[in-house]
2 protein chains.
Amino acid sequence: MSRLEYDGRMSLRHAALGLLTLGPASGYDLLQTFNGSLANVWPATQSQLYGELGKLAEAGLVTVTEEGARRRKEYALTDAGLAELKHWLIEVEPTAVRRSDMLLRVFFLGVVEPAQADEFLRKREAGAAEYHDSLRATEEAIAPETADLAVYGRIALEWGLRFTAMQREWAAWAQEELARTLKSQPSG
Amino acid sequence: MSRLEYDGRMSLRHAALGLLTLGPASGYDLLQTFNGSLANVWPATQSQLYGELGKLAEAGLVTVTEEGARRRKEYALTDAGLAELKHWLIEVEPTAVRRSDMLLRVFFLGVVEPAQADEFLRKREAGAAEYHDSLRATEEAIAPETADLAVYGRIALEWGLRFTAMQREWAAWAQEELARTLKSQPSG
DNA sequence: CTCCTATATGTCAGTTGTGACATGTGGAAA
DNA sequence: TTTCCACATGTCACAACTGACATATAGGAG
């Protein structure tokens, strides 16, 4: 029961706590969710998750409620764990800036030929469109059964839809902008 | 001159190489850029940058071209460095999914009171609006002097403008959606 | 001449995240 | 009954990143 320090990061920890609000689960169970519905938002590897569950138990934020077959350990949220989750949800400011290696590449596109830069942007447009369609498919698959349930899941999904739409439109615009610039100043 | 393995990540390395295409610079010089125009896209700490420059020099992707006052070392891109940069720009796929601790929180907003969830969304809306305005201010500050220059910088900036606009609109929509859901099913 | 600031580089311990490897069990199908 | 797959947990080395600390100098203001 050693103390754990929090400074606003360590979201995997809070993702695990959050999933445990839906009921007790094993590391393996949680992993399915991390590779499934949470994969787009906060992917996690097995090694990281098992390690984190150990630390969480040591800190008293979760407890082992059952030990089943195949060494299965079922974890449940404690009051302290729920309190920490709420604290993180409401009182800790979400990260404002997020690294984007895609955008970083855009900054340096002047290094390669305009044709290659254009191809880069076309790929982004296509990638965003494809991603958008896969989210749309997800939406249609889950919408019928959960009409008013899972409001927040739908709100998160909507973010994804809007984000991918924005990125597709931006990439299309950027191609036009690039063409315009090259036309007026061919040695760009 | 030991070899360095690349597997698609390690963008700080490529950010440094990219900045050096603009001309030789010291670690300190580069740091100003990382804390300035690149801060929104790929922030870096001093300790990381100096370490990376050392590795880059060891790998032969950059060379020390000058040693000035105050132990200043000026680095320049080598042919190998430029080749690596181009490879990364064109042939390495940008990361598709990016972690978002903001969106992760959204998934778990059902844990707190609807009023608190609503406040969370209002803060996102305000934060996105504020960020948008600061980018708009940046745009107006740089636009006059660079009409057709820095196409790619403007394209990256446009991404930021569209992203923050999208996030603001989404947060506003989400508040309405939440109100709608609570109205039709008060115990949500 | 002294003090302050910007310049300039570096080290260290610690956290977070990745990918590969290792190990073993329960149950169902062939 | 053997064989295979899903279940289930764990370790290891390493890469990426953070924040704090340490150190030192050139040049200008007072």
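Residue numbering restarts at 1 for every chain, and letters A, B, ... go by the order of the sequence lines.
Taking atom OH of residue A/Tyr28 and atom C1' of nucleotide C/dG26, one finds them 12 Å apart after rounding to whole Å. To the nearest angstrom, P of D/dT11 lies 12 Å from NZ of A/Lys55. Straight-line distance from the CG atom of B/Leu56 to the P atom of C/dT9: 14 Å, rounded to whole Å. Straight-line distance from the CG atom of A/Leu31 to the P atom of C/dG17: 15 Å, rounded to whole Å. Between the P atom of D/dA6 and the CD atom of A/Gln46 lies a distance of 16 Å, rounded to the nearest Å. Nucleotide C/dA8 holds its C1' atom 12 Å from the CG atom of B/Leu53, rounded to whole Å. Atoms OH (B/Tyr50) and C1' (D/dG19) sit 16 Å apart, rounded to a whole Å. When rounded to the nearest whole Å, the span between CD of B/Glu52 and P of C/dT9 equals 15 Å.
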Any protein N or O atoms within reach of nucleotides 2-4 of chain C? Criterion: under 3.5 Å, listing atom names and distances.
none

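The shortest side-chain heavy-atom distance between B/Leu20 and B/Leu82 does not fall under the 4.5 Å cut-off.
Side-chain atoms of B/Ser26 never come within 3.5 Å of backbone atoms of B/Lys73 as a donor-acceptor pair (strictly under, hydrogens ignored). Remark: side-chain polar atoms of B/Ser11 are not paired, donor with acceptor, to backbone N or O of B/His14 under 3.5 angstrom.
Considering CG of B/Leu31 and CG of B/Leu53, their distance stands at 9.5 Å, rounded to 0.5 Å.
Each of A/Ala44 and B/Gly51 was matched to the nucleotide of DNA chain C holding its nearest heavy atom; the match closer to the 5' end belongs to B/Gly51. Take the nearest nucleotide of DNA chain C for B/Asp29 and for B/Gln48: the residue whose nucleotide is more 5' is B/Asp29.
Residue B/Ser26 is in sugar-phosphate contact alone, with no base atom involved, counting any heavy-atom pair closer than 4.0 Å across all strands shown.
The salt bridge (charged side-chain N to carboxylate O under 4.0 Å, His left out) pairs that include a residue from residues 155-173 of chain A are A/Glu158-A/Arg162, where partners are two or more places apart or lie in different chains.
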Donor-acceptor contacts, no H, no angles, side chain residues 109-124 of chain A, under 3.5 Å, sequence neighbours left out:
unit_1	atom_1	unit_2	atom_2	d
A/Gln116	OE1	A/Glu113	N	3.4
A/Asp118	OD2	A/Arg122	NE	3.4

Using distance only, find each side-chain donor-acceptor pair of residues 37-44 of chain B under 3.5 Å and give its atom names and separation, not counting sequence neighbours.
unit_1	atom_1	unit_2	atom_2	d
B/Asn40	OD1	B/Tyr131	OH	2.9

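For DNA chain D, the neighbouring residues in residues 62-74 of chain B, judged by any heavy atom under 4.0 Å, are B/Ala69, B/Arg70.
The listed nucleotides are D/dA20, C/dT18, D/dC17; the one nearest the side chain of B/Ser47 is D/dA20.
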- Message: Using side-chain contact (heavy atoms from CB on, under 4.5 Å), reason through B/Asp101 and B/Arg105 one step at a time and then give a plain yes or no.
- Response: CA-CA 6 Å; B/Asp101 60 312; B/Arg105 283 177 173 83; 2.9 Å; yes
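Taking B/Arg72 as the reference, B/Asp29, B/Glu74 meet the salt bridge (charged side-chain N to carboxylate O under 4.0 Å, His left out) condition, with sequence neighbours excluded.
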